[in-house]
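Both ligands and their constituent atoms are indexed starting at 1 by order of listing.
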Amino acid sequence: MAAVSESPVYRATTTAPVNIAVIKYWGKRDATLNLPTNSSLSVTLSQRSLRTLTTASCSANYPAADELTLNGKSQDIQSSKRTLACLASLRAHRQELENADSSLPKLSTLPLRIVSENNFPTAAGLASSAAGFAALVRAVADLYKLPQSPTELSRIARQGSGSACRSLMGGYVAWRAGELADGSDSLAEEVASQGHWPEMRALILVVSAEKKDVPSTTGMQTTVATSELFATRANAVVPARMTAIETAIQNRDFPTFAEITMRDSNGFHATCLDSWPPIFYMNDVSRAAVRLVHDINNAAGRTVCGYTFDAGPNAVIYYLEKDSEVVAGTFRSILGTELEGWSGPFYDAVKNVGPGVSLDQVDSRAVDVLKTGLSRVILTGVGEGPVSVEDHLVGEKGEILSTQ
Ligand code: DP6
């Protein structure tokens with residue numbers, strides 16, 4: 001009896017990190033190519049706390065249409081222009097390799113099966129699109145053995161989600177807005193490695209929000225079209241801040257880094273408020289976090305922490321490991337250890353510390369609002385870029401596996 005002929009299943013698996021901007025991307029100069037109105041800069045967060053794991057596979061055994069499964073749910077790729085754009089660019093690069101070397105297997109012609117899982121609940125309210133698209137692009141690029149550098153691949157990830165282009169690298173990453181109409185100079189690059197300033201920590205205060213926010217893609221388009229403050233931010237304010245924060249990072253100058261971070265978050269949310277109709281991402285709980293950060297800095301007599309807020313109410317508070325007691329210790333004393341999230345790989349430095357500042361130096365009303373308004377915290381820090389791993393989510397025969 002003839003054996004059933006089985007074609008090979010090709011696989012590559014990667015992890016990819018979340019990044020949180022300190023200079024915010026907000027506004028598109030070209031919505032189709034997803035080109036930004038201004039440059040932005042982010043800190044890549046450790047994958048020991050938050051990561052997406054993605055396997056890209058291809059095989060002649062698969063059904064003809066590409067498939068994508070996210071957190072156990074099959075996705076309709078055909079309705080996601082962004083995913084289609086990323087896959088088309090990656091296939092075109094593979095095709096170039098195959099055209100140049102006829103001995104290579106024709107992977108560009110095979111259907112893809114991509115399986116992806118986040119190790120953090122979507123309910124945590126953290127945008128997962130950056131890590132998700134970065135992992136998708138990195139995994140398919142690895143499957144296709146593409147020679148392109150992370151910066152070159154950032155051009156592809158950007159089409160999935162702007163902020164995703166910054167998750168292809170670790171440490172401190174700039175996305176240069178670029179000037180060309182075709183977007184070829186709109187690229188992400190590492191401005192400093194994780195090892196240059198490894199002491200950076202982030203405490204994420206996850207706000208229990210019942211209402212869904214305006215999605216960032218829609219929100220930024222409203223801002224560009226209606227805010228009068230916006231042009232000044234994009235043309236004058238952000239370029240100066242990019243230069244200043246890069247210098248602060250090179251010099252490991254935390255007070256300057258934190259002040260620019262806080263001012264840029266405030267400026268971005270000011271353009272949201274200045275949109276018409278106005279957009280509110282921060283709420284009373286977010287504002288309580290702002291108040292407490294300023295109170296802690298005042299009580300410490302120096303800038304030990306800085307906040308930033310994305311298109312939602314969660315606070316991300318940056319601080320240096322040496323100030324764990326004064327920052328994380330104070331927040332832990334305020335919030336209590338019963339709150340979920342006081343654990344994990346970054347907890348050691350916080351476990352045995354008290355409040356680093358006297359609690360009568362912080363606003364008691366802000367303390368009350370914060371205590372009742374959070375669902376959890378996440379303790380993390382600066383981390384590395386995507387990592388190639390062998391924990392495949394697709395088996396040798398093409399079957400979907402799960403780590404959950
Ligand atoms: C506030 O990258 O989600 O987090 O390109 O439309 O997918 P699209 O937008 P997205 O926007 C992120 C906005 C932000 C700021 C930032 O990450 O720089």
key: Among Gln250, Glu246, Met200, side chain to side chain contact (heavy atoms under 4.5 Å, CB included) partner for Tyr172   = Met200

note = Note: ligand 1 atoms sitting under 4.0 Å from heavy atoms of Gly162 are 2 (O), 5 (O), 7 (O), 8 (P)

query = Under 6.0 Å between ring centres, would you say that holds for His294 and Tyr307?
reply = yes

message = Would the distance check show the side chain of Ser161 and the main-chain N or O of Ala164 forming a donor-acceptor pair, the cut-off being under 3.5 Å?
response = no

request  = Provide the number and element of each atom of ligand 1 under 4.0 Å from a heavy atom of Met220.
outcome  = 9 (O), 11 (O)

key: side-chain contact (heavy atoms from CB on, under 4.5 Å) between Met262 and Val293, worked out   = CA-CA 10 Å; Met262 292 186 275; Val293 165; 4.0 Å; yes

key: Sub-4.0 Å atoms of ligand 1 with respect to non-hydrogen atoms of Phe268   = 1 (C)

request  = Using the six-membered ring wherever Trp is involved, compare the ring planes of Phe254 and Trp197 and label them parallel, tilted or perpendicular (cut-offs 30° and 60°).
outcome  = perpendicular

inquiry  = Side chain or backbone, does Ser163 bring an N or O within less than 3.5 Å of an N or O on ligand 1?
reply    = yes

query = Between Trp26 and ligand 1, does any nitrogen or oxygen pair lie at a separation below 3.5 Å?
reply = no

message = Could you tell me, atom by atom, which parts of ligand 1 come under 4.0 Å of a heavy atom of Ala311?
response = 1 (C)

key: CA sep, side-chain torsions, deciding dist, call: Asp363, Arg291, salt bridge (charged side-chain N to carboxylate O under 4.0 Å, His left out)   = CA-CA 7 Å; Asp363 186 81; Arg291 175 67 198 256; 3.4 Å; yes

query = Hey, looking at atom 17 (O) of ligand 1, which of Lys28, Gln159, Arg166 has the closest heavy atom?
reply = Arg166

request  = Could you see which bit of Ala21 sits under 4.0 Å from ligand 1, with heavy atoms only: side chain, backbone, both or neither?
outcome  = side chain

Any Arg158 heavy atom less than 4.0 Å to ligand 1 = no

query = Which ligand 1 atoms, with their elements, are less than 4.0 angstrom from a heavy-atom of Thr217?
reply = 6 (O), 7 (O), 8 (P)

query = Under 4.0 Å from ligand 1, counting heavy atoms only, is it the side chain of Asn34, its backbone, both or neither?
reply = side chain

inquiry  = Once ring-ring contact (aromatic ring centres under 6.0 Å, His included) is applied, what residue pairs with a partner in residues 14-44 remain, sequence neighbours excluded?
reply    = Tyr25-Trp175, Trp26-Phe268, Trp26-Tyr281

query = For ligand 1, which atoms sit closer than 4.0 Å to a heavy atom of Ser216?
reply = 3 (O), 9 (O), 10 (P), 11 (O)

query = Between Leu110 and Arg91, what is the shortest heavy-atom contact and its length?
reply = O-NH2, 3.0 Å

request  = Sort out for me which residue in Leu153, Val140, Ile156 forms a side chain to side chain contact (heavy atoms under 4.5 Å, CB included) with Ser89.
outcome  = Ile156

query = With backbone taken as N, CA, C and O and side chain as the heavy atoms from C-beta onward, which portion of Ser161 lies under 4.0 Å from ligand 1: side chain, backbone, both, or neither?
reply = both

remark   = Filtering Tyr25, Phe133, Phe309 for the heavy atom nearest atom 12 (C) of ligand 1 leaves Tyr25

